[in-house]
Amino acid sequence: MAEKPSGSSISGLGRVKTWVATPQLRVRLGIRATLVFAVVIFVYYVSTAPRFFSVVNVSNVGARTAPGIIVAVAQTMVIISAGIDLSVGAILAFSGSLVSVAYCYWGLPVWPAMLLGLAAGALLGFLNGLIITKGRIPDFIATLGMMGTARGVALILTGGLPVPSHLTAVTLKAYLPREVIWMGSGKLLGFPVGALIGLLVVAAGWVILTHTGFGRAIFAVGGNREAARVSGINVDRTKIMVYTLAGLLSGLAGLVLVGRMNSANALMADPANLESISAVVIGGTNLFGGEGGVIGSLLGALIMGILSNVLNLHNMQDFAQRVVMGLLIIGVVLFDQLRRRYGA
Amino acid sequence: MSSSLILRTEALDKSYPGVHALDHVDFDLYEGEVHVLLGENGAGKSTFMKIISGSLPKDSGRIFLRGQEVDIVSPQHARELGIGMVYQELSVIPGLSVGENIFLGRLPKRKPFGTVDWSEARSQAKRLLDDLGVDIDPGERVGNLGIGEQQLTEIAKTLSMKARVVLLDEPSSALSDEERERLFTIMRGLQEKGVAIIYVSHRLVEIPQVAQRVTVLRDGVKIGTLLVDEADEATLIRMMVGRELGEQYPKERIERGRELLRVQGLTVKGVLNGLNLSLHEGEILGIFGVLGAGRTDFARALFGVDPIDSGEVFLDGRKVEISSPSEAIDLGLGYVTEDRKDGLVPRLAIPANITLASLKKMTRLGFLKHDEERASAEKYVEELDIHTPRLSQMVEFLSGGNQQKVALAKWLCSQAKILILDEPTRGIDVGAKVEVFRLMNDLAKQGVGIIMISSELPEVLAMADRILVMADGSFVAEYEGGQASGEDLMRDAVAG
């Protein structure tokens with residue numbers, strides 16, 4: 001039976017008084033005030049940042065944020081399925097390194113090299129899924145292990161040096177291909193290609209989550225694994241597919257990042273795991289699975305990207321920026337918890 | 001009854017929305033007495049125990065302890081008053097030792113730094129266990145003990161708090177015969193020390209062995225208190241189940257069609273022992289049994305949720321293998337789980353939940369057919385009269401009865417021909433119950449075969465065309481509808 005709204009017959013001044021008087025409503029008021037305050041600060045810093053609105057800077061932010069956005073989409077799907085992927089950053093670096101090594105040192109043609117990198121990313125993701133479902137190992141542990149493994153393999157591949165590097169000039173067959181650089185640094189109709197790829201991935205993620213049976217299965221598995229199983233959904237297959245997709249997207253992000261930096265190295269994208277999880281959480285996806293979406297994660301990634309850019313323009317020291325980012329994540333989640341608890 | 005009165009309740013009353021859980025219950029307990037509390041599921045036994053042990057507040061009525069009126073506000077308070085509860089679900093911590101469990105939060109301390117005095121804890125624990133006459137090493141990890149010994153650890157813990165009134169909630173359901181014997185010996189020992197025990201049990205056979213008096217509750221009302229000598233099984237069963245089956249059960253007789261399902265020798269080692277059954281079109285087959293009889297295990301095995309060790313399943317006379325729920329669904333089975341929460345995705349909207357078992361039908365090339373999904377959801381919300389402010393409501397925010405209707409709608413949507421309903425009316429109000437029964441009638445008329453698993457005697461008696469009684473993983477009796485009385489079913493279910 002639908003519940004009737006409980007009587008709110010108090011009016012005028014009396015209502016205002018009660019509104020502030022009960023502790024619960026005071027918290028609600030506080031929550032709204034904080035939100036307004038945060039937005040004002042954000043807008044102030046953005047609008048006073050020197051050159052923020054210059055074409056160069058905006059397009060720069062887009063290009064820089066692109067790999068983060070792609071990884072955030074991957075992480076969103078994993079988290080909605082009630083998992084977590086700590087290996088996205090490592091797979092990104094591994095795939096990026098593999099493509100570069102394959103092209104520059106092994107002499108593979110450009111398309112096979114790129115395909116190899118993407119396929120290898122997907123394979124590592126697939127292994128994640130397999131270990132988690134068939135090996136019954138917690139997502140956290142399995143992907144933590146994969147994180148170390150993938151970084152290690154990437155280090156072995158590159159010898160711990162940037163690719164291409166003149167220290168390995170003996171084997172150097174070519175510099176990075178134009179195609180890869182175009183993905184990270186190119187322009188299409190005036191827009192940075194990396195950002196366009198990022199938006200394309202967001203669109204694809206949105207379609208998968210909201211318009212396919214697979215997407216519905218992801219929500220069901222994350223929302224109630226047992227109910228999903230009893231309803232005939234293949235839970236293991238769904239999880240394996242999600243992790244495979246996450247690996248593939250991480251590999252793609254690796255290509256874009258290598259293209260932007262015009263160089264690959266095994267230790268790149270070190271903070272990608274934390275940043276992707278932060279973007280997902282800031283975007284409102286439930287960290288325990290079952291609800292959320294990629295649009296929120298896009299916004300989360302953009303907010304972090306813009307904030308980082310603005311702090312740079314304000315000449316904030318890089319070390320201090322890390323503190324700000326860390327506090328931002330805690331603040332956002334705390335804020336979200338309060339909002340849920342007090343229904344503001 | 002020469003000893004003195006220790007605990008007395010006067011008109012103890014408790015209501016939940018839609019349920020009068022305890023209706024002015026008077027009860028008394030003497031020192032050194034074992035008093036059995038008996039009743040069907042939902043009779044109010046647990047509510048009574050929870051109020052006495054301080055974990056649930058009473059609505060009205062009075063509680064007297066040694067003649068003094070007390071207002072028990074918390075489990076802590078109850079313990080201070082000398083009332084200890086041994087829970088049905090063990091509350092021991094498996095990773096800690098027996099001694100640590102017994103003195104959890106009250107470990108003896110050594111001056112001056114307040115470090116734990118382990119040798120003192122050990123010797124105190126040893127003394128307690130010796131007093132109980134049990135041979136358990138206080139240093140043993142509780143997780144390494146058997147269920148019976150864990151139960152004894154709990155009892156020792158309760159006694160260590162100087163309990164004079166001990167509440168035992170169905171302690172024997174998990175115990176072996178040997179362990180149960182030992183428990184009874186211990187209970188007799190406690191009695192001699194003047195400890196009073198309230199003992200909740202389903203097993204009629206053991207009452208004369210342990211108790212002096214029996215109190216029977218039904219629908220929250222105390223039916224009577226008997227001395228054990230007057231309390232033969234037949235009398236107790238009549239007191240437990242004797243009630244009118246009124247308008248609450250709108251049963252319609254439907255012509256039984258051809259055989260839909262036949263199960264032969266279904267076995268899961270240690271759980272289900274060679275089960276046979278058949279189900280026909282338009283038939284409601286009731287499976288009755290008490291807690292732990294294996295009812296839900298049967299449903300899960302048949303539906304492919306749990307693997308089976310042996311046995312054959314025939315649908316429309318054709319042998320089939322069901323090794324996963326998705327195969328069961330493809331073969332036209334549906335399963336409404338005992339706990340609604342196992343069957344619904346709370347944070348998904350109503351339509352997504354209704355179509356969850358029909359995703360293959362609801363997608364084209366992997367893409368969801370949103371229009372079709374909305375249309376069928378609208379149809380079932382209308383047909384089943386699901387009350388919701390809007391179609392896109394998350395099922396988490398629906399009432400229990402409406403959630404249950406969504407769970408049912410899921411299988412209507414998948415067009416199941418065989419429906420397994422496990423406790424279909426648990427936790428929903430009377431009005432919703434009637435609607436669920438009507439829906440079962442309608443489905444039966446359309447030729448659906450229904451297996452209704454239930455521990456509610458009246459609904460099995462009223463709604464089932466045929467009844468199988470289950471005990472200890474076997475079907476022990478079969479009755480045609482109307483041929484059996486509640487007494488018959490209860491006797492079969494508790495035999496042994």
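The analysis underlying the following values was restricted to heavy atoms, covering all of them including side chains, and did not include hydrogens, waters or symmetry mates. A, B, ... follow the sequence lines: proteins, then strands. Residue 1 opens every chain.
Considering every non-hydrogen atom in both B:G343 and A:A227, the closest pair reads C-CB, 3.5 Å.
Contacts between A:N286 and chain B at a heavy-atom distance below 4.5 Å involve the side chain alone, from C-beta outward. There is no contact between B:M362 and chain A, counting heavy-atom distances below 4.5 Å. If you measure heavy-atom distances from B:R364 to chain A, you find no contacts under 4.5 Å at all. Heavy-atom distances place the side chain of B:T355, and not its backbone, under 4.5 Å from chain A. In this structure, chain A has heavy atoms under 4.5 Å from both the backbone and the side chain of B:F367. With a 4.5 angstrom heavy-atom cutoff, B:T363 touches chain A only via side-chain atoms. Contacts of B:T337 with chain A are made by side-chain atoms alone, with heavy-atom separations under 4.5 Å and no backbone atom involved.
For the set B:L359, B:L365, B:D342, the entry with the most heavy-atom pairs within less than 4.5 Å of chain A is B:D342. Of the listed residues (A:A217, A:A228, A:G232), the one with the most heavy-atom contacts under 4.5 Å to chain B is A:G232. In terms of non-hydrogen atom pairs under 4.5 Å with chain B, the most contact-rich of A:A220, A:G215, A:G290 is A:A220.
Atom NZ of B:K319 sits in a crowded spot, with more than 12 heavy atoms from other residues, nucleotides or ligands closer than 6.0 Å. For B:E383, the CD atom is densely surrounded, since the number of other residues' heavy atoms within 6.0 Å is greater than 12. Within 6.0 Å of atom OH in B:Y380, more than 12 heavy atoms from other residues, nucleotides or ligands are found, so the atom counts as buried in its surroundings.
Legend: residues meeting side-chain hydrogen bond (donor to acceptor under 3.5 Å, both in side chains) with B:E372, ordered by chain and number and at least two apart, are absent.
How far CD of B:E373 is from CZ of A:R216: 4.0 Å, rounded to the nearest 0.5 Å. The CG atom of B:L344 lies 8.0 Å from the OG atom of A:S231; values are rounded to the nearest 0.5 Å.
Panel note: side chain B:H370, backbone A:T210; a donor-acceptor pair is recorded below 3.5 Å. Side-chain atoms of A:N224 come within 3.5 Å of backbone atoms of B:K341 as a donor-acceptor pair (strictly under, hydrogens ignored).
In this structure the side chain of A:I233 reaches within 4.5 angstrom of the side chain of B:L356, judged on heavy atoms. When side chains are defined from C-beta on, B:Y335 counts as touching A:V230, because their heavy atoms get closer than 4.5 Å.
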Applying salt bridge (charged side-chain N to carboxylate O under 4.0 Å, His left out), run through A:E226 and B:R340 and close with a yes or a no.
CA-CA 11 Å; A:E226 186 63 20; B:R340 268 194 302 285; over 6 Å; no
